[in-house]
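Nothing here was measured: the structure is a model prediction, and the numbers come from that model. Any value given below was found using the heavy atoms of this structure, including those in side chains, with hydrogens, waters and symmetry copies removed.
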Amino acid sequence: MSRVVVNENFKMFHGHQPLTLEAGQVVTGSLAALLAKTARKRVTVLEDEQPDTGGDGGAPQDQDPPTGGQRAADDDLDIDASVADVLAWVGDDPERAVAALDLEEAKDSPRSTLVKQLTKIADA
């Protein structure tokens, strides 16, 4: 399960519903996953306990590195970046468009052109 701690007070939309998050608040579930993916500067990701795999308790076994469609963790969205940079981050991914749209709409002055373009991608 994903868990994050909010670092600062801010407002956002999640599932097209307005949310107010407060510093120190622990968030879990899909909202935590969204925040961990798109708002890394505003939250601290809490490491989940590793499940018991029935091993011998020795050194952890090597795991294969991520492949294919997984994106690097340093590929986080900076919602204050230029419209072009935000759209480049989103690409044609509706899930990323929704995440960016939620963060943009939570701002005091959302950029209408960006909101319009993100909505098109999210609805695709």
Side-chain angles (χ1 to χ4, degrees):
M1 173 173 35
S2 298
R3 295 183 325 143
V4 299
V5 175
V6 178
N7 296 333
E8 61 186 67
N9 296 342
F10 67 98
K11 295 178 183 180
M12 65 175 287
F13 283 81
H14 180 62
H16 300 289
Q17 297 295 319
L19 297 175
T20 300
L21 301 173
E22 297 182 10
Q25 180 177 353
V26 176
V27 179
T28 60
S30 64
L31 178 58
L34 173 68
L35 292 169
K37 184 176 177 182
T38 62
R40 300 281 298 197
K41 295 177 184 175
R42 293 182 165 188
V43 299
T44 300
V45 177
L46 299 175
E47 297 297 326
D48 290 333
E49 292 181 16
Q50 296 297 321
D52 184 7
T53 58
D56 60 4
Q61 296 182 359
D62 292 336
Q63 294 181 340
D64 293 332
T67 59
Q70 294 183 351
R71 294 187 167 112
D74 62 347
D75 195 17
D76 294 331
L77 171 62
D78 176 6
I79 197 60
D80 296 320
S82 69
V83 170
D85 287 345
V86 172
L87 291 174
W89 180 85
V90 168
D92 60 356
D93 185 341
E95 184 178 307
R96 281 190 165 209
V98 169
L101 185 59
D102 286 347
L103 291 172
E104 183 65 23
E105 287 179 331
K107 293 169 66 174
D108 290 335
S109 299
R111 297 169 281 187
S112 61
T113 55
L114 179 57
V115 168
K116 189 180 296 185
Q117 291 174 306
L118 291 171
T119 302
K120 284 182 188 178
I121 296 168
D123 291 341

> Rounded to the nearest 0.5 Å, what separates atom OG1 in Thr28 from atom CG in Leu35?
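Going from OG1 on Thr28 over to CG on Leu35, the span is 11.0 Å.
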> Work out which heavy atom in Ala81 is nearest to a heavy atom in Val86; give both atom names and the distance.
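In this case the closest contact between Ala81 and Val86 is O-CG2, 3.9 Å.
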> For Trp89, does its backbone N or O pair with a side-chain atom of Arg96 as donor and acceptor, under 3.5 Å?
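The answer is yes, because a donor-acceptor pair under 3.5 Å joins these two groups.
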> Would you give the length of the straight line joining atom CG of Asp102 to atom CG of Leu19, rounded to the nearest 0.5 angstrom?
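Rounded to the nearest 0.5 Å, the CG-CG separation comes to 8.5 Å.
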> Heavy atoms only: give me the nearest Ala97-Ala122 pair and the separation to one decimal.
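For Ala97 and Ala122, the tightest heavy-atom pair comes out as CB-N, 3.6 Å.
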> What is the distance from atom CG of Leu77 to atom OG1 of Thr38, rounded to the nearest 0.5 Å?
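Result: 6.5 Å between the selected atoms.
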> CD of Gln25: more than 12 outside heavy atoms within 6.0 angstrom?
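Buried by this count: over 12 neighbours within 6.0 Å.
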> Grab the two heavy atoms, one from Ala32 and one from Val27, that are nearest each other, plus how far apart they are.
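Distance-wise, the nearest heavy atoms are CB-O, 3.2 Å.
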> According to side chain to side chain donor-acceptor pair (under 3.5 Å), does anything in residues 111-124 pair up with another residue at least two apart or in another chain? List the pairs.
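Those involving residues 111-124 are Glu104-Arg111.
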> Are Val90 and Leu118 side-chain neighbours, meaning at least one heavy-atom pair lies under 4.5 Å?
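SC-SC contact between Val90 and Leu118 confirmed.
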> For the atom pair CG (Leu114) and CG (Leu101), what is the distance rounded to the nearest 0.5 Å?
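One gets 8.0 Å once the value is rounded to the nearest 0.5 Å.
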> Once you round to the nearest 0.5 Å, how far does CD1 of Ile79 lie from CZ of Phe10?
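If we round to the nearest 0.5 Å, Ile79:CD1 and Phe10:CZ are 11.5 Å apart.
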> Among residues two or more places apart or on two chains, list those pairs meeting salt bridge (charged side-chain N to carboxylate O under 4.0 Å, His left out) that have a residue in residues 4-13.
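As it turns out, the salt bridge (charged side-chain N to carboxylate O under 4.0 Å, His left out) pairs with a partner in residues 4-13, which skip direct neighbours, are Glu8-Arg42.
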> May I ask you to test the Val115-Glu105 pair for a side-chain heavy-atom distance under 4.5 Å?
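A side-chain contact exists here, since the closest heavy-atom pair is under 4.5 Å.
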> Quick one: CG on Leu103 to CG on Leu34, what's the gap to the nearest 0.5 Å?
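So the gap between those two atoms works out to 6.5 Å.
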